[in-house]
Amino acid sequence: MTLGKRIRQLRKERNMTLVDLAGGKITKGMLSLIENDKSQPSMTTLSHIAKKLDVSIGYLTREGDEEWTRQMLAEADFSHYFSFPFEHIEKNILPHLDRVSQDSKGMDLYNIIRIYYRYKGEHATADEYTEKIGNFYRRIGIEHLVVKNRLNDAISLMYSQDYTEAYNRLVDSEAEVMEFKAYDPHLELEYVYLKGIFSVPVDMGECIPLANRVIELSYDMENFKYFFSANMILGYYYGLEGDMENHGKYEERLKQYLQFNSQEKYELELIDADHPITVFHVLVDDAQQRADLYEAYVRKIEAHHEAGSIQSSNMAFYHPLFLLEMAYFKKDYRMVVENYKEGMYIRSAAQHPIDRIIMATRSCIYPLSLHHLGEGRQAREAFERIEETIEDIKHSVFTKEFSMIRDIIFEENRGMVPKEK
């Protein structure tokens, strides 16, 4: 947006006439020329206009096109679980970087571009955008947003699954988080949650106390953004460890939370409302009971979809998975083998390590079905392809069920079918 257009827009937003804004300091005609970009104001004139509009001179003269920036942000869903708008970025944004407005919306767009380069593995370029965003907030004196940018930088590394680097960058920012949490107390909550997530492949001993700290901070700050996830992680961990007393404690807390906090994502994520924290996702004692649960769940989700309460894009991703898993629990292994597609359990959006492990474990219904059909070689090859997708995190405690499935398929413990805790 040009200087003249910005002045005119601000004037109209404030219901001011040309005469009002001119204010006896400049002529109405001169102001009209300025607004139509036919004359450049002197610093004295610019100072007068800024004062009348109650903005800074810097705000009036900032670079970029604010309207275009807002349009670019509105034209695509950059936070979607199942797709990332590469084409929109490459076609409409990257060729016009000079139009990115130098304001908070422009920094939002820079963050999207940073994520784009993380996806591409072009980390040096992504880091340049981290610097751009940090320098912007530093220049205007909002230091706590400089720190927030460092947390967002770590989040962007999830898109390239560089968890160790993300963890190290978070640790490097800890002193600043603690310094500026007085300006933004939610910085600490976000920092602790992210550090817990990224500690899974780095230092598992940190994950559990950090997840508990997230729950404490959630109550203290009355901010429950990460409450569901923290309880889910802790309940899942204790279930895998065989500590069913602690598993039950976190599951009960989660059930109480869900009674008054119903959201679409929980409708999609929870197969069994009575047992929201599933310990084993594939290796279950009563396959028919699980099949019945899935059937009721699929019908519920389909009803939500028909009513328009579930996004069609979510359904497009999840629905085939639910049907495939239902078929597996009904022991229709041929149906699983014929309808499974490589990569169908891999989401394109940022996934933290536990999420990736769970999705990889669920996808093991394919090699398990091959195994049950007596196609041992194909089962082992299929399992190894899935294993490659979590090579960097496969030694986590959360891969317990995944390792059990490996034993079954490679027949190291022939005939073993563990029971769900």
Side-chain angles (χ1 to χ4, degrees), residues 81-83 161 236 240 268-272 278-298 301-302 313-349 351-396 398-420:
Y81 250 14
F82 314 108
S83 62
Q161 299 174 0
Y236 188 37
L240 291 173
L268 285 170
E269 290 178 9
L270 299 178
I271 301 293
D272 185 356
T278 304
V279 176
F280 289 148
H281 293 80
V282 178
L283 302 177
V284 298
D285 182 37
D286 191 337
Q288 185 56 52
Q289 181 189 46
R290 182 59 65 88
D292 292 343
L293 273 171
Y294 262 79
E295 189 157 18
Y297 174 72
V298 168
I301 296 301
E302 287 174 345
S313 49
N314 291 358
M315 276 291 288
F317 180 86
Y318 274 121
H319 195 251
L321 310 188
F322 299 147
L323 294 178
L324 215 59
E325 289 165 30
M326 183 168 65
Y328 175 78
F329 292 122
K330 287 183 175 181
K331 302 184 180 181
D332 188 352
Y333 304 126
R334 183 57 59 190
M335 187 272 193
V336 175
V337 169
E338 290 176 353
N339 289 276
Y340 177 86
K341 296 180 179 61
E342 295 286 341
M344 67 188 298
Y345 279 84
I346 298 174
R347 297 191 312 214
S348 63
Q351 287 183 275
H352 62 64
I354 301 171
D355 226 4
R356 278 178 59 207
I357 290 168
I358 290 172
M359 293 302 275
T361 301
R362 287 172 61 183
S363 71
C364 283
I365 60 169
Y366 176 60
L368 280 169
S369 292
L370 287 168
H371 175 79
H372 288 306
L373 291 170
E375 299 175 20
R377 180 180 59 80
Q378 295 96 319
R380 290 189 290 274
E381 290 174 354
F383 182 89
E384 287 174 339
R385 288 195 296 274
I386 295 170
E387 192 172 33
E388 287 175 2
T389 69
I390 58 168
E391 184 66 31
D392 57 320
I393 47 178
K394 70 178 183 181
H395 299 298
S396 161
F398 294 104
T399 59
K400 180 177 181 177
E401 185 184 11
F402 190 81
S403 298
M404 295 164 96
I405 294 169
R406 189 182 218 288
D407 288 344
I408 293 169
I409 290 174
F410 284 81
E411 301 187 27
E412 293 169 14
N413 294 291
R414 190 178 182 88
M416 182 191 74
V417 180
K419 296 181 179 181
E420 184 178 2

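Because the structure is a prediction, the values reported are computed rather than measured.
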Minimum heavy-atom distance between [X] and [Y], given as atom pair plus value:
| X | Y | result |
| --- | --- | --- |
| Pro367 | Ala382 | CB-CB, 4.0 Å |
| Asn339 | Met344 | O-SD, 4.2 Å |
| Ser369 | Val337 | CB-CG2, 3.9 Å |
| Tyr345 | Phe317 | C-CZ, 4.3 Å |
| Thr278 | Tyr236 | O-CD1, 3.3 Å |
| Pro353 | Ile393 | O-CD1, 3.6 Å |

Report task. Just do the side chain to side chain contact (heavy atoms under 4.5 Å, CB included) check on Ile390 and Met359 with the steps written out, would you? Result -> CA-CA 10 Å; Ile390 58 168; Met359 293 302 275; over 6 Å; no
Requested in this report: Determine, stepwise, if the pair Arg377 / Glu381 fulfils salt bridge (charged side-chain N to carboxylate O under 4.0 Å, His left out).
Outcome: CA-CA 6 Å; Arg377 180 180 59 80; Glu381 290 174 354; 3.1 Å; yes
Roughly how far, to the nearest 0.5 Å, is the [atom2] atom of [Y] from the [atom1] atom of [X]?
| X | Y | atom1 | atom2 | value |
| --- | --- | --- | --- | --- |
| Lys394 | Arg406 | NZ | CZ | 6.5 Å |
| Thr399 | Met404 | OG1 | CE | 11.5 Å |
| Leu370 | Tyr333 | CG | OH | 12.0 Å |
| Ile365 | Tyr340 | CD1 | OH | 8.0 Å |
| Leu321 | Ser363 | CG | OG | 9.5 Å |
| Ile386 | Ile346 | CD1 | CD1 | 9.0 Å |

Query raised in the report: Is there a side chain to side chain contact (heavy atoms under 4.5 Å, CB included) between Gln378 and Phe383 once you walk through the steps?
Result: CA-CA 9 Å; Gln378 295 96 319; Phe383 182 89; over 6 Å; no
Query raised in the report: Quick one: do the Glu302 and His319 side chains pair a donor with an acceptor below 3.5 Å?
Result: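 Their side chains do contain a donor-acceptor pair, which is all the 3.5 Å distance test asks for.
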Query raised in the report: Centre of Phe329's six-membered ring, under 6.0 Å away, within 45 degrees of the axis: is that where NZ or CZ of Arg290 sits?
Result: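 Yes, Arg290 lies over the aromatic ring of Phe329.
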Query - Sequence-distant partners of Thr361, side-chain contact (heavy atoms from CB on, under 4.5 Å), two or more places apart - result: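 For Thr361 the side-chain contact (heavy atoms from CB on, under 4.5 Å) partners, ignoring immediate neighbours, are Val282, Ile357, Glu401, Phe402, Ile405.
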Query raised in the report: Can you tell me if Lys330 uses its side chain to pair, donor with acceptor, with the backbone of Ala291 under 3.5 Å?
Result: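 Judged by distance alone, no pair lies under 3.5 Å.
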Query raised in the report: Given side chains that start at C-beta, do those of Leu368 and Val336 come closer than 4.5 Å, heavy atoms only?
Result: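 In short, these two side chains do not touch, never coming nearer than 4.5 Å.
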Query raised in the report: Taking the six-membered ring where the residue is Trp, are the ring centres of His371 and Tyr366 under 6.0 Å apart?
Result: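 Aromatic pair excluded; centres sit 6.0 Å or further apart.
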**Report entry** Parallel, tilted or perpendicular, as decided by the 30° and 60° cut-offs, for the rings of Tyr297 and Tyr294
**Finding:**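 Plane angle over 60°, so perpendicular.
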Query raised in the report: Taking 4.0 angstrom as the limit, do Asp392 and Arg356 come out as a salt bridge?
Result: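 Salt bridge flag = yes for Arg356 with Asp392.
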